[in-house]
2 protein chains.
Amino acid sequence: MRTVTIADVAKHAGVAVSTVSYVLSGKRTISATTRQRVLDSVRELGYHPNAGARALASKRAKVIALVLPLRAGMNLPVLMQFATSVVTTARQYDHDVLLMTADEGPDGLHRVAASALVDGLLLMDVEIHDPRVPLLRKLAEPSVLIGFPADPEGLTCVDLDFARAGALCAEHLADRGHREIALLGAPRVVYERGTGFAERTMAGFVEAARRHGLQADARPCEESFDEVYAAVKLLLDERPGLSGLVVHNEAAAGHVLGALRILGRRVPEDVSVVAICPDDIAERASPALTSVLIPAEDVGRQAVRLLMAKLEGQTVPESTLLEPRLTIRESSR
Amino acid sequence: MRTVTIADVAKHAGVAVSTVSYVLSGKRTISATTRQRVLDSVRELGYHPNAGARALASKRAKVIALVLPLRAGMNLPVLMQFATSVVTTARQYDHDVLLMTADEGPDGLHRVAASALVDGLLLMDVEIHDPRVPLLRKLAEPSVLIGFPADPEGLTCVDLDFARAGALCAEHLADRGHREIALLGAPRVVYERGTGFAERTMAGFVEAARRHGLQADARPCEESFDEVYAAVKLLLDERPGLSGLVVHNEAAAGHVLGALRILGRRVPEDVSVVAICPDDIAERASPALTSVLIPAEDVGRQAVRLLMAKLEGQTVPESTLLEPRLTIRESSR
DNA sequence: CCTTCGCGTCGAAGCGCTTCGATGGCCTGC
DNA sequence: GCAGGCCATCGAAGCGCTTCGACGCGAAGG
């Protein structure tokens with residue numbers, strides 16, 4: 001069974017090859033009767049345009065690259081949701097997704113772009129001083145970044161508004177009358193790596209607390225139970241009046257609850273806890289955590305939309321910050 | 001800056017286009033001096049072959065599809081390791097990876113295959129009665145499955161040897177002198193979905209226990225703490241002499257330890273626990289779990305190798321089972 | 001010395017598609 | 001009744017690459 005080409009369709013429908021092409025692309029008007037005849041032939045023969053030929057002729061591969069940081073220690077559920085949402089959204093725009101790992105580095109991006117394998121790039125987990133950023137500026141292919149490098153000038157970046165998320169948590173606690181609050185953040189290495197989002201959360205938190213006249217404290221937090229326990233204990237020792245705790249570290253969130261239980265503090269009676277984490281983690285905790293969710297799906301969808309807009313030559317905002325949403329559950333009052 | 005084509009390279013090196021092509025593909029002998037001149041030009045001009053043109057002319061896209069079950073509730077770390085290993089291995093064979101979600105179903109596979117977007121397919125998490133299997137048999141493009149459908153005839157399947165893994169656990173416990181053992185498996189839905197690996201583990205476990213004259217018991221196990229606790233309690237009530245427990249459920253593994261602690265059984269003094277799970281989970285538990293690991297990386301690498309072999313027209317075994325390895329840690333004696 | 005062979009290279013024919021300019025038929029308006 | 005215009009369709013020229021057959025030349029063989 002030889003594969004069906006556009007010429008087969010044309011012959012079957014009794015029209016020229018170009019007519020079939022125009023029916024399929026809609027780039028020229030074709031009479032309703034011809035159009036129907038062609039579409040029938042397409043269906044009957046089971047025609048699928050050859051991707052390579054199309055890419056060659058039209059200079060559009062209809063494929064975008066998704067560059068994921070597939071190193072260990074990522075927030076897997078969020079990453080997965082994000083990837084799923086990117087693939088699904090891309091399909092809605094009739095595009096496919098080429099999966100790449102960050103470890104190919106700038107060369108990998110250059111390769112897929114220069115070979116016209118992909119029309120555009122989506123990079124996740126961009127760091128403050130990301131070696132790929134200068135390349136992206138040079139590339140003819142449009143790109144969208146998840147996260148913010150030091151200088152987003154000339155790029156297109158999407159992210160959750162982490163500063164706002166931090167602030168939202170502080171405000172929530174302020175509204176409930178808490179006067180002394182603290183934030184436990186990501187592991188120290190995350191700050192050192194300079195991904196940016198962790199710092200921005202802290203900054204937003206501290207700023208909002210200050211604005212509301214709260215006494216606030218923010219520090220990194222490791223992920224093992226023992227270290228979380230030690231951190232929580234230290235915090236409570238130093239700040240006996242502490243009654244509100246924000247945890248921006250999904251691995252640690254559960255452990256914080258465990259530590260508080262062991263330390264004899266009830267949640268939420270003695271200490272209110274707010275987490276910045278995916279909903280499923282917040283819901284599964286006990287008590288269920290009041291949380292600000294990381295809207296991975298929104299981010300993915302939005303990123304693809306922006307990329308598609310750029311592919312069509314539209315200009316898009318350099319920076320898109322997604323508004324965080326706080327869901328109140330059992331762990332705060 | 002127009003993109004560099006093979007014609008540019010040819011002109012720059014003072015040779016014919018076809019010569020450049022042969023230098024790059026190695027399909028005909030080219031004298032060392034010419035070869036070097038061409039390679040120099042390639043480097044100097046920064047030439048990258050156009051993927052579409054190459055695919056069109058050679059009928060090889062140098063892309064494989066990776067179909068992941070991006071629904072929730074998967075074992076994310078394993079899935080990620082697997083995906084990473086697939087991408088990395090594919091790159092070693094100079095191939096790229098197109099990411100697809102299972103929810104496009106058979107039509108999606110047909111689409112990418114018929115459009116020659118990909119040369120081969122890698123499907124993860126194949127189910128016993130998978131609707132995609134009949135299609136794969138028909139497709140001209142080769143494919144490799146992770147997991148086993150009911151009838152693997154004519155397909156190429158790779159998986160951990162789960163039966164062996166179950167047996168290994170039973171044998172480990174038998175060697176240590178345990179006489180009454182049990183296995184807590186995946187949630188009930190997994191068995192109902194019929195992915196196969198869960199059943200095979202159970203079967204291997206039961207068979208090995210029987211062979212060693214042990215009293216054995218195997219049942220599904222849900223993932224929430226409360227349900228795990230109930231299951232463990234029921235088991236201990238029914239089988240007071242139970243001293244060895246195998247857990248094939250990474251979400252439940254930690255909870256089992258918690259439940260045993262609450263029920264006053266020390267691990268490993270009173271009950272030895274063996275898990276079938278990724279190493280990181282086993283190591284993070286306390287006490288660290290003796291475990292049989294799911295070698296996601298091996299599976300990915302092996303799957304890509306098989307696919308590449310098929311792409312080159314070699315015949316490969318229908319079934320490849322990866323030998324499980326047991327790592328002894330603190331939870332068993 | 002001439003033929004034969006093989007090595008290294010070239011030229012040209014596609015691969016299947018998009019797109020541009022051309023064409024022919026038909027309607028409109030004066 | 002005819003010029004002008006528009007609509008629907010066609011034909012052909014590439015897009016950048018691979019690959020096949022051909023060719024020229026020096027070495028080997030008779």
Side-chain angles (χ1 to χ4, degrees), chain A residues 2-39 41-42 45-63 94 111-119 140, chain B residues 1-39 41-42 45-63 94 111-117 119 140:
Chain A
R2 220 186 82 275
T3 89
V4 182
T5 74
I6 196 172
D8 300 327
V9 176
K11 198 179 302 171
H12 187 270
V15 298
V17 162
S18 50
T19 304
V20 176
S21 178
Y22 285 124
V23 165
L24 262 21
S25 71
K27 294 194 178 176
R28 280 197 187 177
T29 51
I30 298 288
S31 70
T33 63
T34 311
R35 140 179 263 92
Q36 196 52 55
R37 202 141 36 86
V38 168
L39 291 178
S41 297
V42 165
L45 300 180
Y47 168 67
H48 285 264
N50 178 294
R54 164 185 290 183
L56 179 58
S58 70
K59 310 198 161 301
R60 289 225 159 283
K62 295 219 180 200
V63 177
D94 198 22
R111 181 179 62 82
V112 294
S115 67
L117 232 190
V118 304
D119 303 325
Chain B
M1 190 186 94
R2 220 185 83 274
T3 87
V4 182
T5 75
I6 195 172
D8 300 327
V9 176
K11 197 178 305 170
H12 188 271
V15 299
V17 162
S18 50
T19 303
V20 176
S21 178
Y22 285 124
V23 166
L24 263 21
S25 70
K27 295 196 177 174
R28 282 198 185 175
T29 50
I30 299 286
S31 70
T33 63
T34 310
R35 141 180 260 89
Q36 196 51 55
R37 202 141 36 86
V38 168
L39 291 178
S41 296
V42 164
L45 300 180
Y47 169 66
H48 286 264
N50 177 293
R54 164 185 290 184
L56 179 58
S58 70
K59 311 199 162 299
R60 290 224 159 285
K62 295 221 181 201
V63 176
D94 197 23
R111 181 178 62 81
V112 295
S115 66
L117 231 190
D119 302 326

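For the numbers below, each heavy atom of this structure counts, side chains included, while hydrogens, waters and symmetry mates do not. Letters go in sequence order (proteins before strands), and every chain restarts at 1. Treat the numbers as computed from the prediction; the structure is a model and nothing was measured.
With DNA chain C read from its 5' end, the first of the two nearest nucleotides for B/Ser58 and B/Ser31 is the one closest to B/Ser31. Nearest-nucleotide positions on DNA chain C place B/Gly14 closer to the 5' end than the other of A/Ala53 and B/Gly14. Each of A/Thr29 and B/Ala7 has a nearest nucleotide on DNA chain D; the 5'-most of these lies closest to A/Thr29.
In this structure the side chain of B/Leu117 never reaches within 4.5 angstrom of the side chain of B/Val63, judged on heavy atoms. Side-chain contact between B/Val20 and B/Val15 is present, with heavy atoms from C-beta onward closer than 4.5 Å.
Among pairs with a residue in residues 4-24 of chain B, those fulfilling salt bridge (Lys or Arg N to Asp or Glu O under 4.0 Å) read B/Arg2-B/Asp8, at least two apart in sequence or across chains. Pairs passing the side chain to side chain donor-acceptor pair (under 3.5 Å) check and including a residue from residues 21-30 of chain A, sequence neighbours excluded, do not occur.
When the side-chain nitrogen and oxygen atoms of A/Ser18 are compared with OP1 and OP2 of D/dC10, none of them lie within a distance under 4.0 Å.
A side-chain donor-acceptor contact under 3.5 Å links A/Asp119 to the backbone of A/Ala61.
Of the inter-residue distances, the one linking B/Lys59 atom NZ with A/Thr3 atom OG1 reads 6.5 Å to the nearest 0.5 angstrom.
If you check every strand for non-hydrogen atoms under 4.0 Å, B/Ser21 touches a base. At the heavy-atom level, A/Val17 lies under 4.0 Å from base atoms of the strands shown.
Here the range on DNA chain C touched by chain B, meaning any atom under 4.0 Å from one of its heavy atoms, is C/dG8 to C/dG16.
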